[in-house]
Protein chains: 2
Amino acid sequence: MKFEAVTIKDIARELGLSTSTVSRALRDSYEISAETKKTVLECAKKLNYRPNPIALSLKEKRSRSIAVLVCEIANSFFSQVINGIESIAYNKGYNVIISQSHESFQREVNDLQFLASRSIDGLIISVSSETENMEHLKKLFYKGLPIVFFDRVSEEMDTHLVMVDNFNSAYKATSHLIENGYKTIACLTNSAHLSITKERIAGYKKAIEDSGVQVNEDLIKYCNHGGVHADETEKAMNELINLEKRPDAIIGLSDKLTTGALRFLQKQGITIPKEMGLIGFSNGEFTEFLNPSLSIIRQPAFEMGQSAIELLLEVIESKRPIKEFTRKVLETELIVRNSTLRNH
Amino acid sequence: MKFEAVTIKDIARELGLSTSTVSRALRDSYEISAETKKTVLECAKKLNYRPNPIALSLKEKRSRSIAVLVCEIANSFFSQVINGIESIAYNKGYNVIISQSHESFQREVNDLQFLASRSIDGLIISVSSETENMEHLKKLFYKGLPIVFFDRVSEEMDTHLVMVDNFNSAYKATSHLIENGYKTIACLTNSAHLSITKERIAGYKKAIEDSGVQVNEDLIKYCNHGGVHADETEKAMNELINLEKRPDAIIGLSDKLTTGALRFLQKQGITIPKEMGLIGFSNGEFTEFLNPSLSIIRQPAFEMGQSAIELLLEVIESKRPIKEFTRKVLETELIVRNSTLRNH
DNA sequence: TTATTTTACGCAATCGTTCCCGAGAACGAG
DNA sequence: CTCGTTCTCGGGAACGATTGCGTAAAATAA
């Protein structure tokens, strides 16, 4: 059952040296003779010696592992982000530890406490849709845990942020609907307090206003659990289609909501894009092949993951405390397809 | 930068006790007076003491973290499996460390060496499509690392396996095509040496034979990288449609291949299900809404992950070496939709 | 009162590694 | 021949926690 690992002591015993000498020889210290180094290195190779990372962690007070906390792994956007994170972490010799909040604040707090007690060197997080209070994160942050936020960020701490231009993305998508003749544009969104919600809603509203129409708050439906439960989206959609003035287009402000809306419309037999236009944020792989093909706002998820881990490692590996924090804003891509082209 | 953690020494100093007393008090040892226990517990709470898991790992020679090695995270099947793994690992106090092979044997070997040197307690793996030789895994296994295989398994080691009934799944899917009038059924599959390939191909062939037709090997296209590169699938598909006797149905024996085939057919303007029927293994979220809706074989990915971690933890936490290994075979679900219904 | 047991705690080793010191040997300079 | 360097290497503490063993004081028994 035990992984009988070769230690530095084994080498020392084998060669009749002290552990300090072996340790130094392996680290190529100047105070060890070339000859001794050679024999130690050979012996280490022979015995297939691997330094024990746990012992190192104990000494160096770093574990070379970073935690990623997202609401859900099985979501294209997040798994693509994790992919980006892992791609760089791996090359730098870091482990990536994954945790999911399932959009629950309590779970997020628990996860975090657990992760923190596991001595991680840093954290990359997109908060849950229930998370309004940031005390749990602040506590860790001010204790010295490097944190990088992405997607759903908090500006309450002075740290790196990675996100997309949410305002502009929503603005573009809404404008696109308007340009294509849609008049009453409803909006399915996440909890009101999330950064992405605020920014995206602002973009949506601005586009409506810029078209000379007044914003109707009834057309904005907040799904406080981001659509993890299908009934949440269904309820919101039901309210929308039963409005005295039924909207003729929907914009989904996050992945799950967009596809939730699609699912609902299909079930109800409401034709897209004729009776209802549909566009939304999505990083799903097959939006192109959906029926109808879905117009989307695609986020550069992989790049977001890469940026996040790069910024995090910069903090972790910097000798002196970092004072300048970057707020990285990436561009999204508006991909127009059939679900918003009523006149074709 | 440092996470100034409270140690047992701080408590000892604060209370004028020895570290052993504090340690024992925290572990509720019988040889500590109730009074001392109380003060220690209070002090620990006051200082917000958390045991250092690294120090514990060093003593106990276990890290309470398990590694998961898959070819790709950003793949619905695998992210669902990881979801299942994480759901149970979390409750048992284990960390999940993720790594990706990207279908590369070399990368798999590297990942594994890296993970092993990070003192993991166990490994859950689905090998890369390039992996034929299992020596790298055997080496770790015989050194005492508990391993559970899932999906793409190897029977060369005496350990737990988690998979689906691949033979039967392919048989059912192929039979379904036959029943729906398809005569020339081609097959897009992964590397020939993978367990899933062998079993699924066997099921496919058996179904063909049972229908009284002779198997034509030209109709079986092996994609040695599982379709991670789009051109691989395209090449295979091109060969298939240029066959003197063009097939009238395709069965994709893995997620990426199924959707790759769909993508190809759409691009070529070959209508589904009329000119070409299409069915395949897929755990994608939106196969239902594809155009046309896709008939699929769905694997119980979440449950597979749960089974895998349960079996792994059983091995890890067992006192005595386990001799009996289970070979868990789960059932798949055949979901018939429009892509295989020519006559509707 | 004395002997014996129980209670309640401290000392020190241990896990694998690093690193500060100290120290012997060799060597050249004077 | 002696002194100061330089080159090599070993001893031992430290990281944070657990644990076997030893022991003083208190409690009990004789």
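Excluded from the calculations below are hydrogen atoms, water molecules and symmetry mates; all remaining heavy atoms, backbone and side chain alike, are included. Lettering of chains follows the sequences in order, A, B, ..., and the numbering in each one begins at 1.
- Remark: P of C/dT17 and CD1 of A/I54 are 11 Å apart, rounded to the nearest angstrom.
- Although no hydrogens or angles enter the test, the distance criterion places no donor-acceptor pair under 3.5 Å between the side chain of B/H160 and the main chain of B/F325.
- DNA chain C is contacted by both A/A55 and B/T21; B/T21 maps to the nucleotide lying nearer its 5′ end (nearest heavy atom per residue).
- Residues from residues 7-20 of chain A that place a heavy atom under 4.0 Å from any atom of DNA chain D, listed by number: A/G16, A/L17, A/S18, A/S20.
- Of all the residues in residues 22-33 of chain A, A/S23, A/R24, A/R27 reach under 4.0 Å from DNA chain C with at least one non-hydrogen atom.
- A straight line from CD of A/E60 to C1' of C/dC19 spans 12 Å, rounded to a whole angstrom.
- Remark: A/I97 CD1 to A/D111 CG distance equals 12.0 Å, nearest 0.5 Å.
- Summarising the local packing, NZ of B/K37 is surrounded by more than 12 heavy atoms from other residues, nucleotides or ligands at distances under 6.0 Å.
- The existence of a salt bridge linking A/K328 and A/E314 is excluded, since no basic side-chain nitrogen approaches an acidic carboxylate oxygen closer than 4.0 Å.
- Side-chain atoms of B/S63 come within 3.5 Å of backbone atoms of B/S119 as a donor-acceptor pair (strictly under, hydrogens ignored).
- Salt bridge status for B/E35 with B/K38: absent, with no side-chain N to carboxylate O gap under 4.0 Å.
- Side-chain atoms of A/H225 do not come within 3.5 Å of backbone N or O of A/S191 as any donor-acceptor pair.
- A salt bridge is defined here as a Lys NZ or Arg NE, NH1 or NH2 lying under 4.0 Å from an Asp or Glu carboxylate O, and B/R327 with B/E155 meets this definition.
- C/dG16 atom P lies 7 Å from atom CG of A/N52, rounded to whole Å.
- Of the residues in residues 36-51 of chain A, A/T36 come within less than 4.0 Å of DNA chain D through at least one heavy atom, sorted by number.
- Side-chain N/O atoms of A/K59 include none lying less than 4.0 angstrom from OP1 or OP2 on D/dG16.
- At a threshold of 4.0 Å, the pair B/E108-B/R152 does not count as salt-bridged, since none of the basic side-chain nitrogens sits closer than that to a carboxylate oxygen.
- In this pair, B/F150 and B/F77 present their aromatic rings tilted. The plane angle is within the 30 to 60° band.
- Atom NZ of A/K323 sits about 10.5 Å away from atom OG of A/S318, to the nearest 0.5 Å.
- Per the geometry, CD belonging to B/E35 stands 13 Å off C1' belonging to C/dT7, to the nearest Å.
- Ranking D/dA17, C/dG16, C/dT18 by closeness to the B/L58 side chain, first place goes to C/dG16.
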